[in-house]
Amino acid sequence: THLRTTHSEGRYGTHARRRHRGYNRLGIHGGKDSKSTRGLHLCTKIDTLYFNIFLFDYCNKAFSPYLLYIYLHMSQFKLIFRPLGTIPCFVLQRDDGAEFEILNGFGCGLNGWRVPVENQQNSHSSTSLDLLYGYKDEPTLRKISPDTNAGCRLTPFPGRTAYAKFTWQGKTYELVNNVSWAPHALHGFLQNKEWEFESFESEADSCTAVFTCDWPGAFAGFPFPFRATNTITFTGESVSITSTVKNIGNTDMPYSEGW
């Protein structure tokens, strides 16, 4: 008999607004001819469990002992809400301490990828190595982010739009000059916006978080509404980001992006 159970492994703050989905397969092996109701609700983490249970055997009209073997393969990943100062931030974390940090409160920035490494001075402990040069604190982010937008998705234009204007289908649109050192428009519109947390799913060897951000198109310089989605999958040893965009307006729109 195979049952599917739903479990919650994550620890959430108030910004985990939408939903969390996680599932694993539960295999139950019992007596061959026994007719019994086998239902199980699990709310704690279990790896392997052996136990004896008396099942009522309707064929023999008696209680008979059977050894049941239950194997529940739970995910080793969890979702943690860990703000950077006042900026919302989520962390995808594996049980051994490997983690990936996403600044959803600031452009859905890819802010940290930390892996555990052996402490050279103490072989019985480990330390963390950060593979990304992210923002370490909120004051640093506020100070240098206008010119860097490090790790953020830059959309609907990734570089410099010369003199903060562009022409599309015969019409010229004027943007905002958003840097002090040049008369240009940089990095689009979503690089410093808060992205919405949508979902978190965990498997045996990976986890996936999804974030979205909508551009309403209310600005005359870019009156083209769209929805951007980042799907981030983390294994501990690797990370992959799938970025998608959906035109939610009624006309064609110009678009490009970068990171």
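We use all heavy atoms of the structure for the numbers below, so side chains are in, but hydrogens, waters and symmetry mates are not. Residue numbers count from 1 along this sequence.
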With Q93, the side chain to side chain donor-acceptor pair (under 3.5 Å) member among E99, R114, E101: E99
Side chain to side chain, M253 and F222, heavy atoms closer than 4.5 Å: yes
K136 side chain reached by L84 side chain, heavy atoms, under 4.5 Å: no
E257 side-chain N/O to R153 backbone N/O, donor-acceptor pair under 3.5 Å: no
Heavy-atom side-chain proximity of F166 to F157 below 4.5 angstrom: no
Any side-chain heavy-atom pair of V245 and W215 under 4.5 Å: no
I232 and T208, any side-chain heavy atoms less than 4.5 Å apart: no
Cationic N near anionic O, under 4.0 Å, E237 to R94: yes
Check: K171 and Q169 side chains under 4.5 Å, non-hydrogen atoms: no
Donor on one side chain, acceptor on other, T212 and T229, under 3.5 Å: no
N149 and F106, any side-chain heavy atoms less than 4.5 Å apart: yes
Closest non-hydrogen atom pair between V179 and L186, with its separation: CG1-CD2, 3.8 Å
Contact summary for A98 and F234, nearest pair of heavy atoms: O-CE2, 3.8 Å
Validation row: P223, Y173 side chains within 4.5 angstrom (heavy atoms): yes
